Novice: 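A single structure is presented below for examination.
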Amino acid sequence: MDVQDLRNAFLSAIGKPPRVFSAPGRVNLIGEHTDYNDGFVLPIAIERRTAVAAAARTDRRVTARSVALSDTRSFDLDAPGPVRRGNWLDYVEGMAQALLERNFELRGAELLIDSDVPLGAGLSSSAALEMAVGLALVSLGGNADPDRIQVALAGQAAEHRYVGTMCGIMDQLTSALAEPGHALLIDCRSLAPQPVPLELGDTSVLICDSRVHHELASSEYNRRRAECREGVEILSGILPGLRSLRDVTVDELDRLCAQLPQPVRSRCRHVVRENARTLAAADALRL
């Protein structure tokens, strides 16, 4: 993706120069499916990004154009459209409405969107889109230095309401907060991010295309989330004060796993052990 080409395309289509905002995709170094259990994750941003060329309008309408899809859609900030249409506008309008609900000032906008984050590859293309669009909209609305955690939470809310994916917060936080040369240890309960130095030297992080299309909203993601919740409901009757699988130690789960039916037992074992493994990995990288 060439940002200058995006600028030129915007100028040609809209007739005025844009500001350009971008956000990266992400991959996990270690640990998965723990963010929606208040757990710990250790992702990194990748070099692939989604970019949004943007300029303010004088009204309250947002017109979004997708370079990759050769498609144009629009909506009114003051007249929310239907949720879960099943197309890419769900992410854009969902983001705008979630930002308004968090009291961000927004204006109408012209948006031209391009990306080299592969769709459906498990690299958080949707979060990169949400964060790039979100940063564009709040900046055009006059907020030059927004609270990026709140922007990330707006992206998660957009997924829940407009897209129908009950995702955790990891993807959006990583896309909003990741730093060059660092992994990002995220406590998904407190939302406290800790940059962890990642000195790769001659080592590369290799991402392989499995050719398996990754689509959270129609995959087993929501089912696995429900299975984890079922595990918490069972274990909370034995472990007082239990709020999520985050509160269960490896020793406790080993002792109580017979109380859990399958596949709930396997889901809970994975989450609890991944939390411990992720924290150990972050400590090792700091050495």
Side-chain angles (χ1 to χ4, degrees), residues 26-44 98 102 122 124 127 147-161 164-178 182-196 216-217 219-287:
R26 75 97 193 98
V27 70
N28 272 41
L29 283 178
I30 187 171
E32 289 286 1
H33 290 284
T34 64
D35 57 335
Y36 55 82
N37 290 283
D38 290 347
F40 297 93
V41 289
L42 190 62
I44 60 172
R102 283 160 176 75
S124 301
D147 182 336
R148 290 189 172 225
I149 291 179
Q150 288 301 314
V151 176
L153 287 169
Q156 182 190 33
E159 294 266 5
H160 288 186
R161 182 181 174 197
T165 300
M166 302 306 293
C167 64
I169 192 60
M170 173 182 66
D171 294 356
Q172 289 81 9
L173 277 179
T174 306
S175 191
L177 297 172
H182 291 76
L184 193 67
L185 177 65
I186 301 172
D187 179 336
C188 295
R189 172 171 288 172
S190 69
L191 302 186
Q194 300 177 44
V196 178
L216 289 179
S219 73
E220 292 193 354
Y221 179 93
N222 289 340
R223 177 185 295 178
R224 293 189 181 192
R225 183 177 180 128
E227 289 165 348
C228 290
R229 186 166 59 248
E230 181 182 348
V232 171
E233 290 172 356
I234 295 170
L235 293 173
S236 63
I238 308 169
L239 299 173
L242 179 67
R243 292 169 51 193
S244 73
L245 292 176
R246 153 74 172 272
D247 301 313
V248 183
T249 68
V250 172
D251 288 343
E252 287 172 335
L253 188 65
D254 287 345
R255 175 168 56 87
L256 298 172
C257 67
Q259 307 293 322
L260 301 172
Q262 289 288 18
V264 172
R265 182 188 307 174
S266 295
R267 304 292 181 242
C268 294
R269 180 184 290 120
H270 175 78
V271 170
V272 171
R273 291 183 176 176
E274 285 297 88
N275 276 335
R277 199 166 67 99
T278 299
L279 290 173
D283 286 341
L285 286 173
R286 294 188 184 103
L287 294 178

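Worth saying up front: this structure is predicted, and the values here are computed from it rather than measured.
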Novice: Can you list everything that forms a salt bridge (charged side-chain N to carboxylate O under 4.0 Å, His left out) with R246? Sequence neighbours excluded, please.
Specialist: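 Salt bridge (charged side-chain N to carboxylate O under 4.0 Å, His left out) list for R246, sorted by chain: D187.
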
Novice: Got a donor-acceptor contact below 3.5 angstrom from the N275 side chain to the F40 backbone?
Specialist: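 Yes, N275 side chain to F40 backbone: donor-acceptor pair under 3.5 Å.
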
Novice: Is the shortest side-chain heavy-atom distance between L177 and L184 below 4.5 Å?
Specialist: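 With C-beta onward as the side chain, the pair touches.
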
Novice: A side-chain contact here means heavy atoms from C-beta on lying under 4.5 Å apart; do L260 and C268 qualify?
Specialist: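 Answer yes - side chains close enough.
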
Novice: So, taking the atom named SG in C188 and the one named CG in D38, what distance separates them when rounded to the nearest 0.5 Å?
Specialist: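 Those atoms lie 8.0 Å apart.
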
Novice: Applying salt bridge (charged side-chain N to carboxylate O under 4.0 Å, His left out), can you list everything that pairs with R148, at least two apart in sequence or on another chain?
Specialist: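 Here no residue qualifies.
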
Novice: Show me the donor-acceptor pairs, under 3.5 Å and distance only, between side chains in residues 229-236 and residues at least two apart or in other chains.
Specialist:
{"residue": "S236", "atom": "OG", "partner": "V232", "partner atom": "O", "Å": "3.1"}
{"residue": "S236", "atom": "OG", "partner": "E233", "partner atom": "O", "Å": "2.9"}

Novice: For Q156 and H160, indicate whether the former's side chain and the latter's backbone hold a donor-acceptor pair under 3.5 Å.
Specialist: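 No.
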
Novice: Quick one: does D247's side chain have a donor or acceptor within less than 3.5 Å of a partner on S244's backbone?
Specialist: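 Yes: the side chain of D247 pairs with the backbone of S244.
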
Novice: What's the separation between atom CG in L29 and atom OG1 in T278, rounded to the nearest 0.5 Å?
Specialist: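 Rounded to the nearest 0.5 Å, the CG-OG1 separation comes out at 9.5 Å.
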
Novice: Hey, is the main chain of A192 close enough, under 3.5 Å, to the side chain of S190 for a donor-acceptor pair?
Specialist: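 Indeed, once roles are kept as given, a pair shorter than 3.5 Å links the two residues.
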
Novice: By side chain to side chain donor-acceptor pair (under 3.5 Å), which residues pair with E159, not counting sequence neighbours?
Specialist: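 Scan of E159 (side chain to side chain donor-acceptor pair (under 3.5 Å), adjacent residues dropped) gives S126.
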
Novice: Can you tell if the side chain of R189 reaches within under 4.5 Å of the side chain of R243, non-hydrogen atoms only?
Specialist: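 Side chain of R189 against side chain of R243, heavy atoms only: contact under 4.5 Å found.
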
Novice: Go through the steps for Q194 and R286 under the test side-chain hydrogen bond (donor to acceptor under 3.5 Å, both in side chains), then give the verdict.
Specialist: CA-CA 11 Å; Q194 300 177 44; R286 294 188 184 103; 3.1 Å; yes

Novice: Is there a side chain to side chain contact (heavy atoms under 4.5 Å, CB included) between C167 and Q172 once you walk through the steps?
Specialist: CA-CA 10 Å; C167 64; Q172 289 81 9; 4.0 Å; yes

Novice: My understanding is that only residues two or more places apart in sequence, or in another chain, count here; which of them pass side chain to side chain donor-acceptor pair (under 3.5 Å) with Q150?
Specialist: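 Side chain to side chain donor-acceptor pair (under 3.5 Å) check on Q150 returns nothing, list empty.
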
Novice: In chain order, what residues pass the salt bridge (charged side-chain N to carboxylate O under 4.0 Å, His left out) check against R273, with sequence neighbours excluded?
Specialist: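 Checked R273 against salt bridge (charged side-chain N to carboxylate O under 4.0 Å, His left out); matches are D254.
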
Novice: Is the closest side-chain heavy-atom distance between L191 and L153 below 4.5 Å?
Specialist: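 The answer is yes, as the side chains (C-beta and beyond) meet within the 4.5 Å cut-off.
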
Novice: Please check this pair: side chain of E227 against backbone of P263, looking for a donor-acceptor N/O pair closer than 3.5 Å.
Specialist: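 Side chain of E227 to backbone of P263: no pair is present.
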
Novice: Quick one: list whatever passes side chain to side chain contact (heavy atoms under 4.5 Å, CB included) with A154, sequence neighbours left out.
Specialist: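 Once residues adjacent in sequence are excluded, the partners of A154 under the side chain to side chain contact (heavy atoms under 4.5 Å, CB included) criterion are M95, A98, L99, R102.
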
Novice: With side chain to side chain contact (heavy atoms under 4.5 Å, CB included) as the criterion, how do N37 and V272 come out once you've worked through the C-alpha distance, each side chain's angles and the decisive distance to 0.1 Å?
Specialist: CA-CA 9 Å; N37 290 283; V272 171; over 6 Å; no

Novice: Would you call C228 and Y36 a side-chain contact if the rule is heavy atoms closer than 4.5 Å?
Specialist: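 Yes, close enough: below the 4.5 Å cut-off.
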
Novice: Is a salt bridge present between D35 and R225, judged by a nitrogen-to-oxygen distance below 4.0 Å?
Specialist: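 No.
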
Novice: About how many Å separate CG of L285 and CG of L42, when rounded to the nearest 0.5 Å?
Specialist: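 L42 atom CG to L285 atom CG measures 6.0 Å (nearest 0.5 Å).
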
Novice: Which residues pass the salt bridge (charged side-chain N to carboxylate O under 4.0 Å, His left out) test with R277, not counting sequence neighbours?
Specialist: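 Result, salt bridge (charged side-chain N to carboxylate O under 4.0 Å, His left out) vs R277: E274.
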
Novice: So how far is it from M166 CE to R161 CZ, rounded to the nearest 0.5 Å?
Specialist: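 The CZ atom of R161 is 12.5 Å from CE of M166, to the nearest 0.5 Å.
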
Novice: Got a sec, which residues hit side chain to side chain contact (heavy atoms under 4.5 Å, CB included) with T174, two or more places apart in sequence or on another chain?
Specialist: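 With sequence neighbours excluded, T174 shows a side chain to side chain contact (heavy atoms under 4.5 Å, CB included) to R26, P43, M170, A178, I186, given in chain and number order.
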
Novice: With L239, which residues qualify under side chain to side chain contact (heavy atoms under 4.5 Å, CB included), at least two apart?
Specialist: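 Listed in chain order: L242, V248, E252, R255, L256.
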
Novice: Could you check if a side-chain atom of Q262 sits within less than 4.5 angstrom of a side-chain atom of R265, using non-hydrogen atoms only?
Specialist: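 In short, these two side chains touch, coming nearer than 4.5 Å.
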
